[in-house]
There are 4 protein chains.
Amino acid sequence: MKSPGFRGQGMKAENKHAKIIVAATKVFAKKGFFTARISDIAKEAKVADGTIYLYFNNKYDILLSVFEEEVKKIAENTAQLLSLETDPRRMLEIFIIQHLIAMKKNKNLAEVIQIELRQTNKVIKDYRDNKFSEYTGIIADIIRRGQSLGIYRSDIQPDLAKRALFGALDEVSRVWNASLETHYTVDETANQILSMFLSGIQLNPEN
Amino acid sequence: MKSPGFRGQGMKAENKHAKIIVAATKVFAKKGFFTARISDIAKEAKVADGTIYLYFNNKYDILLSVFEEEVKKIAENTAQLLSLETDPRRMLEIFIIQHLIAMKKNKNLAEVIQIELRQTNKVIKDYRDNKFSEYTGIIADIIRRGQSLGIYRSDIQPDLAKRALFGALDEVSRVWNASLETHYTVDETANQILSMFLSGIQLNPEN
Amino acid sequence: MKSPGFRGQGMKAENKHAKIIVAATKVFAKKGFFTARISDIAKEAKVADGTIYLYFNNKYDILLSVFEEEVKKIAENTAQLLSLETDPRRMLEIFIIQHLIAMKKNKNLAEVIQIELRQTNKVIKDYRDNKFSEYTGIIADIIRRGQSLGIYRSDIQPDLAKRALFGALDEVSRVWNASLETHYTVDETANQILSMFLSGIQLNPEN
Amino acid sequence: MKSPGFRGQGMKAENKHAKIIVAATKVFAKKGFFTARISDIAKEAKVADGTIYLYFNNKYDILLSVFEEEVKKIAENTAQLLSLETDPRRMLEIFIIQHLIAMKKNKNLAEVIQIELRQTNKVIKDYRDNKFSEYTGIIADIIRRGQSLGIYRSDIQPDLAKRALFGALDEVSRVWNASLETHYTVDETANQILSMFLSGIQLNPEN
DNA sequence: CATGAATGAGCGTTCATTCAT
DNA sequence: TATGAATGAACGCTCATTCAT
């Protein structure tokens, strides 16, 4: 990420940076990282091709920035909501709902996270995962808390369950964008996933 | 996919086709579809660049072929094993284990399925999903069978559960290739996923 | 070359123009004309990129200005010193020494003259040569004077000798900047060149 | 420098490589390295742009190759002719004549050597000079031989004289290409330079 | 069938120049 | 005058695809 000076920028620069991020998210989601052209992003953002390079080092830097900035928003929002809760069951519910809401609200972003970030090379993946781990790590934390409270089964591996839940959410919300089948509302979906997952990991399932 | 005539091919042609598929699977898994070059595949297959075009129409055709052929193997293998079973619980177990075994055995393929097929454009995705649906549809079928037998909760949407389970398996096995964390054996993983998922969808979970 | 109005400039403008010339000379010498960026010059001159276009029409105009202004200085200085002399041998000595001193003193300029002005196209070269001819023409004039005085060999072609001497001085002083070998002082070098050249063109060499 | 395989190339490949070298020499001479476009060279060589990259790594590699190959020819030719001579005066004559002949015969090359190789950065210059030193070093060797035989003045620094002579030849032949003035024949020019230079460095000049 | 040299369309990126402030 | 963000034309290079051998 770059930034063209900081004199009296105030808002102009911020706007342009944001405009490019939004445009890139849209274009990447629609065409994929490799198929997307810089000129596509520029056109979408209504700036010149060269302008993009005033704010980003290269094409991949745009992808990373899109990822970082957008994921940060979700992660922070979710973390904040969770800080008000103590019941691991409610916390799981919150995470699931928030994730699905975010994915549904920003379909472009969903694509970017789910699809584009599975590309490129290992180095990039590592970087991505470090960032992403912070987010998915929330799930594992909730599970561990539930286990220490005797609510969740102790034989469940938090890291495995974390992946299983994230994978389930990821695949489920992918449908919304691919629009391959009739799809369900966020609430329906969240309920289904939550009830399955909760029953699956709870010690004494009562539903 | 092409086929270079049928004059006196006998076996050579089949061998070359197969060699290219294997090479492509390896190269796509390692470098990704867009980053992989035709010459990489040719070199890996010990074949001239031009030879590839005797067996495939274009680069994307190779990807599709890799997908079709390899997925067909898994699907057929799984279908055959399932035909010997009637208990929806056992059937789910078989599916999960077989999928994870296949992913672990053929890491290249796992990457191709999980990563490469999330790229390219919508048209491709649709095509992919039609093919892939046959495979993941197995899960939905098992669930419906379990529901009609009164074993699985009737409030569970089979198509949603199908996606949730596939997503969970997909994400869980992704770790094996990315090797980001200490990972579990196939059996461990299968047990965890199975027990979570079974408890989650069973009407009266007793395990 | 431009000139930004003449309202109340006084001195500021002159300073800025000069600052840019100095900066450009330095940058061109270091990076070459084509590799040098306007922003490099602007940064070196501690001026905004756009400011440069208040004083020069374009990048090439800067190069020309650098050349013109700096060569003019040398030419005028040399011409003034020569006006006090009548002996063609002393005049040649003066030219050689002055040229080498100038090159040594202003290494950046030396690079600009020697290297940068050999780039660009024919049109430019012609222009350059017209300007430069005034300077190198001094050598031919000295030789002609010496020939008419019967001191220099009449079979020597002044224009050829002019080029030979300038080429020798040019190449010899190039070493100082490229610092490829142990190099000699101005005096040493001047003596060597002078004694060689004088012996070469004198009618009755007595040294 | 590259080469596309070595199976049964025999002549085709060689031809194409040579064609590109010739075309590049011509284009570089006409437009200069930086102003020359790869597509110019390709067009001149009647090949596709991409073909050039089958034989050269990049644009600069073409320049280096042109330089190396052409200078090697001159250097080898001159060295061979010199091996038949022992008189330092004749040897100097041979060098001067051969150099001027080569420059006159291949005007494109002359430009490339004289102009283009003064560009780019220090690293390149060093490389150039190492190569070029082998050639200009011949002059210094001749002078040293003449000094040890008592024919050339011992107070002359061979390395300085070497540069002076090369610079003189360089500048003199530059005129042929710039065609700025009426110019002399090779013989005329060689005679003038030789007689000046010989008189300049001989111990007892008798001409 | 097999080869791999040749092709050329296409894209990421740079940077001289402009212009609104 | 001065600034520097914005522009967009231009180019080096890649690589999927073709085709003469």
Side-chain angles (χ1 to χ4, degrees), chain A residues 2-9 12-13 16 34-42 46-60 62, chain B residues 4-5 7-9 12-13 16 34-43 47-62, chain C residues 4-5 7-9 12-13 16 34-43 47-62, chain D residues 2-9 12-13 16 34-42 46-60 62:
Chain A
K2 274 182 180 176
S3 180
F6 281 99
R7 277 183 328 145
Q9 95 279 52
K12 265 299 177 50
K16 210 142 267 182
F34 289 106
T35 308
R37 305 300 153 210
I38 290 293
S39 57
D40 294 332
I41 299 173
K46 293 200 173 84
V47 294
D49 289 23
T51 303
I52 289 180
Y53 289 87
L54 294 176
Y55 296 91
F56 303 90
N57 294 312
N58 50 47
K59 192 184 175 187
Y60 176 60
I62 305 174
Chain B
R7 291 168 307 160
Q9 96 282 49
K12 277 292 180 49
K16 210 147 264 182
F34 290 104
T35 309
R37 280 169 290 146
I38 291 292
S39 60
D40 293 333
I41 299 173
K43 194 182 295 173
V47 158
D49 290 22
T51 303
I52 289 181
Y53 288 86
L54 295 176
Y55 296 91
F56 302 90
N57 293 313
N58 51 46
K59 191 184 177 186
Y60 176 60
D61 189 35
I62 305 174
Chain C
R7 291 169 304 161
Q9 95 279 50
K12 276 294 179 53
K16 212 147 263 184
F34 290 104
T35 307
R37 280 170 289 146
I38 290 291
S39 60
D40 293 332
I41 298 173
K43 193 182 297 176
V47 159
D49 289 22
T51 303
I52 289 182
Y53 288 86
L54 296 175
Y55 296 90
F56 302 91
N57 293 312
N58 51 44
K59 192 183 177 187
Y60 177 59
D61 189 34
I62 305 175
Chain D
K2 272 181 177 176
S3 178
F6 281 98
R7 277 183 330 142
Q9 96 279 49
K12 266 297 179 48
K16 209 142 268 181
F34 290 104
T35 308
R37 304 298 153 212
I38 289 293
S39 57
D40 294 333
I41 298 174
K46 293 199 172 85
V47 294
D49 289 22
T51 303
I52 289 180
Y53 290 88
L54 295 176
Y55 296 91
F56 302 90
N57 294 312
N58 51 48
K59 192 184 176 188
Y60 176 60
I62 305 174

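- Atom CG of D:Asp40 is separated from atom P of F:dC11 by 8 Å (rounded to the nearest Å).
- One atom, CD1 of C:Ile62, and another, P of E:dA16, lie 9 Å apart when rounded to the nearest Å.
- The two residues B:Asn57 and B:Asp61 come nearest to each other via the heavy atoms N-OD2, 3.0 Å.
- Distance, B:Ile41 CD1 to F:dA16 P: 8 Å, rounded to whole Å.
- How far CD1 of D:Ile41 is from OG1 of D:Thr51: 13.0 Å, rounded to the nearest 0.5 Å.
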Practice task
Produce a footprint string for nucleotides 7-12 of chain E: one letter per nucleotide, 5' end first; B if the base is under 4.0 Å from any protein heavy atom, S if only the sugar-phosphate is, - if neither.
Solution key: BB--SS

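- Between the NZ atom of B:Lys43 and the P atom of E:dA2 there is a distance of 20 Å, given to the nearest Å.
- Taking each heavy atom of B:Ile52 and B:Val47 in turn, the nearest pair found is N-CG1, 4.4 Å.
- Rounding to the nearest 0.5 angstrom, the gap separating the CG atom in D:Asp49 from the CZ atom in D:Arg37 is 12.5 Å.
- Between C:Tyr53 and C:Ile38 the shortest heavy-atom distance is OH-CG1, 3.7 Å.
- Here C:Tyr55 reaches the OP1 or OP2 of F:dA2: one of its side-chain N or O atoms lies under 4.0 Å away.
- In terms of the side chain to side chain donor-acceptor pair (under 3.5 Å) criterion, residue partners of D:Asp40 (sequence neighbours excluded) are, by chain and number, D:Lys31.
- Looking only at side-chain heavy atoms (C-beta outward), A:Tyr55 and A:Ile62 stay at 4.5 Å or farther from each other.
- Consecutive Watson-Crick or G-U pairing (both distances under 3.5 Å) extending over three or more pairs maps onto DNA chain E as E:2-21 with F:2-21.
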